[in-house]
Amino acid sequence: MLRFAVSPTNDLRLDTLRIALYNYIVARQRKEDFIVRIEDMDKEKNREGMDDEILDLLGLFGVHGSQVIHQSQNVRFHSAMALQLVHERKAFSCFCSDNWLANKREEAKQAGKGYAYDDACRNLPAELIIDNTNPFSIRIIRPDADIVIHDKILGERSFTPDGIDSFIILNQNKTPTYNFAVGVDDMLSDISFIIRSEEFLEETPKQEHVRNALKYEKQIEYAHLPVMTNLDDAPNIKELLKEGFLPEAILNYLVSIGNEMPQEIFTLEEAIEFLDLETIPNIPVSFNMDALKEINRAHLRGLDAKELSRFVGFADAEIGALARVYLAEVSTTKELKVKIAPIFSERNIPEAFTRECTVLANAIKEAPYFDEYVAFKDYVINETSLEDDNYLIALRLLLTNATEGPDIAEIYQHLKNYIGEIVK
RNA sequence: GGCCCCGUCGUCUAGCGGUUAGGAUCCAUGGUUUUCAUCCAUGUUACAGGAGUUCAAUUCUCCUCGGGGUCACCA
């Protein structure tokens, strides 16, 4: 069982989607189930409806969970297991105040050392606990030996007890903390393989520690993907879709970034066939709009002509083929629309070309049908006896409503049946 | 600051002890296309720095410098 865990507090980001895709792809490779877990423990930050929005977006990318779990539904299990740990003296009540802990942290910083809780409350006598009316949290007792993680990408990593620390598993209000909830939930869902961003690497041994304390024996496999940087001013998924990027192109980009695949352009099904976590180098990746555009362009080129035409507001294979010609210079459906729409709109002829255009238009209206551009061009030139380069620009203006663009002969091939419509 | 990771053309990268250090892109030049663009050809450009180990280091080790991550009663 693999899972994608996401909190419904913010719009789905590219790096988060990347993690979802990897988990889904590997689940399919291993022929295991895949679930989505909504980590909705922070009631303050949760955004209404965000969970459904995220699920809808995942669906666009072909990612479907066999079930959707809301973490908040598991709180009774979290509480029960925390209680069990307290009974077994693997966890203890901590009465340390926020201020006091903050001071400790500051002291450690001044001393140039890493901070770890000093276990001050670990061995409080029972009577001190019973009589204490102060609020308290529950901490799990730190492990007494290093915890070693075997990672498909990073290899073997070990973590010291100090680094793992006697961390809090239940807040003062007795809600479970992140690492405890996640550690328990992955156990409850029988998760076998976890792929996540390397920025969460330090959390992994803590969650392992929780499961060890609960005597859970199944070994979960890990792959920590190199972090994706440069995302602060990168567009989010919804914006990219609006800009005219295809989901399959975004998927292609996110799976190929920092990961040498046997071919540059691939589909989800091909990714399932080719992806090999073991060959991913441990190097941070950064978002690159140009690379994404290039991949989007390739996916648009691969579309069936009629399908492509729908993205620019038509349902006509010929116009789709025309749009494909324009992919030489643009890379999103939105940009494509900007190129195609004027062709079928009223002409906007610059002053300098009005004479040529009028003459040419009259000739074209009288012209018979020509299958080839060269014959068409020779005919109208001959009829109008215009000279020098200007007539070419004028002709382009009449045909496309623009002074520049791709090879006009190629454009004519797809436009020749519409000449009567567009040259008036 | 502690701990961890990373450093190859301007950019994205291949490389896993012996390579003329390869590709893509950008840039420049030439050519095709009676315009622009496309397309084709050619060319310039890189192992962060310093010590080791070795017959041999871009590759292994250490140090310096640079970049990133992480150190919550948030998830």
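Within every chain, numbering begins at 1; the chains are lettered A, B, ... in the order of the sequence lines, protein sequences first and strands thereafter.
- Pairing partner, A14(B): none, since no Watson-Crick or wobble contact has both distances short of 3.5 Å.
- Pair assignment for U61(B): A51(B), on the basis of Watson-Crick or G-U wobble contacts that are both within less than 3.5 Å.
- When distances are taken from the side chain of E260(A) to each of C36(B), C73(B), U13(B), the shortest belongs to U13(B).
- Near RNA chain B, meaning a heavy atom under 4.0 Å away, the residues from residues 69-93 of chain A are Q71(A).
- Within a heavy-atom distance below 4.0 Å of RNA chain B, the residues of residues 147-175 of chain A found are R157(A), I168(A), N171(A), Q172(A).
- Within the structure, ring-ring contact (aromatic ring centres under 6.0 Å, His included) contacts touching residues 163-205 of chain A (residues at least two apart or in different chains) do not occur.
- Under the Watson-Crick or G-U wobble criterion, with both distances below 3.5 Å, G2(B) is paired with U70(B).
- Remark: D165(A) does not engage K206(A) in a salt bridge, criterion side-chain N to carboxylate O under 4.0 Å.
- Base pairing of C26(B): no nucleotide in any strand meets the Watson-Crick or G-U wobble criterion (both distances under 3.5 Å).
- Across all strands shown, nothing is found opposite U32(B) as a Watson-Crick or G-U wobble partner with both distances under 3.5 Å.
- The side chain to side chain contact (heavy atoms under 4.5 Å, CB included) check on S286(A) picks up T229(A), N230(A), with sequence neighbours excluded.
- When rounded to the nearest whole Å, the span between CG of D407(A) and C1' of C40(B) equals 15 Å.
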Could you list the donor-acceptor pairs under 3.5 angstrom formed by side chains in residues 326-348 of chain A, with sequence neighbours left out?
unit_1, atom_1, unit_2, atom_2, d
E329(A), OE2, K339(A), NZ, 3.2
S331(A), OG, E335(A), OE1, 3.4
T332(A), OG1, E243(A), O, 3.2
T332(A), OG1, E335(A), N, 3.1
T332(A), OG1, E335(A), OE1, 3.3
K334(A), NZ, E243(A), OE2, 3.1
E335(A), OE1, S331(A), N, 2.8
E335(A), OE1, T332(A), N, 3.0
S345(A), OG, A341(A), O, 2.7
R347(A), NE, L397(A), O, 3.3
R347(A), NE, L398(A), O, 2.7
R347(A), NH1, P342(A), O, 3.3
R347(A), NH1, I343(A), O, 3.1
R347(A), NH1, S345(A), O, 2.8
R347(A), NH2, I343(A), O, 2.9
R347(A), NH2, L398(A), O, 2.9
R347(A), NH2, L399(A), O, 3.2

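- Each of A108(A) and E264(A) lies near RNA chain B, and the nucleotide nearest A108(A) is the one positioned closer to the 5' end.
- Relative to the side chain of E329(A), the nucleotides A75(B), C36(B), A37(B) differ in distance, and A37(B) lies closest.
- Within the structure, ring-ring contact (aromatic ring centres under 6.0 Å, His included) pairs that include any residue of residues 72-101 of chain A comprise F95(A)-F136(A) (at least two apart or interchain).
- Contacts classified as ring-ring contact (aromatic ring centres under 6.0 Å, His included) and involving residues 352-380 of chain A (residues at least two apart or in different chains) are given here: F370(A)-Y379(A), Y373(A)-Y412(A), F376(A)-Y412(A).
- Within the nucleic acid shown, D290(A) has no heavy atom closer than 4.0 Å to any nucleic acid atom.
- In this entry the distance linking NZ of K206(A) with P of C71(B) reads 8 Å, nearest Å.
- The side-chain hydrogen bond (donor to acceptor under 3.5 Å, both in side chains) search around R3(A) returns D186(A), not counting sequence neighbours.
- Taking atom C1' in both G23(B) and C9(B), the straight-line distance is 12 Å, to the nearest Å.
- Residues passing the side chain to side chain contact (heavy atoms under 4.5 Å, CB included) test with H64(A): none are found, sequence neighbours excluded.
- Rounded to an integer number of Å, the gap from OH of Y391(A) to C1' of U34(B) is 5 Å.
- Nucleotide U45(B) forms a pair with no other nucleotide shown, judged by Watson-Crick or G-U wobble geometry with both contacts under 3.5 Å.
- Relative to the side chain of L101(A), the nucleotides C73(B), U35(B), C36(B) differ in distance, and C73(B) lies closest.
- With salt bridges taken as basic N to acidic carboxylate O contacts below 4.0 Å, one links R211(A) and E208(A).
- Ion pairing between a basic and an acidic side chain is recognised when a charged N comes within 4.0 Å of a carboxylate O; D119(A) and R142(A) show such pairing.
- With sequence neighbours excluded, the residues that form a side-chain hydrogen bond (donor to acceptor under 3.5 Å, both in side chains) with E294(A) are R297(A).
- The 5' end of RNA chain B is approached more closely, in terms of each residue's nearest nucleotide, by N282(A) than by the other of N288(A) and N282(A).
- Look at CG on N10(A): it is 11 Å from C1' on C74(B), rounded to the nearest Å.
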Scan nucleotides 66-70 of chain B against the protein and return all N/O pairs shorter than 3.5 Å with their distances rounded to 0.1 Å.
unit_1, atom_1, unit_2, atom_2, d
U70(B), OP1, E199(A), OE1, 3.1

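- For the pair Y178(A) OH and A75(B) C1', the computed distance is 6 Å after rounding to whole Å.
- Residues in residues 49-58 of chain A take part in these side chain to side chain donor-acceptor pair (under 3.5 Å) pairs, two or more places apart or across chains: D51(A)-H70(A), E53(A)-K238(A).
- Taking atom CG of residue D146(A) and atom P of nucleotide C4(B), one finds them 12 Å apart after rounding to whole Å.
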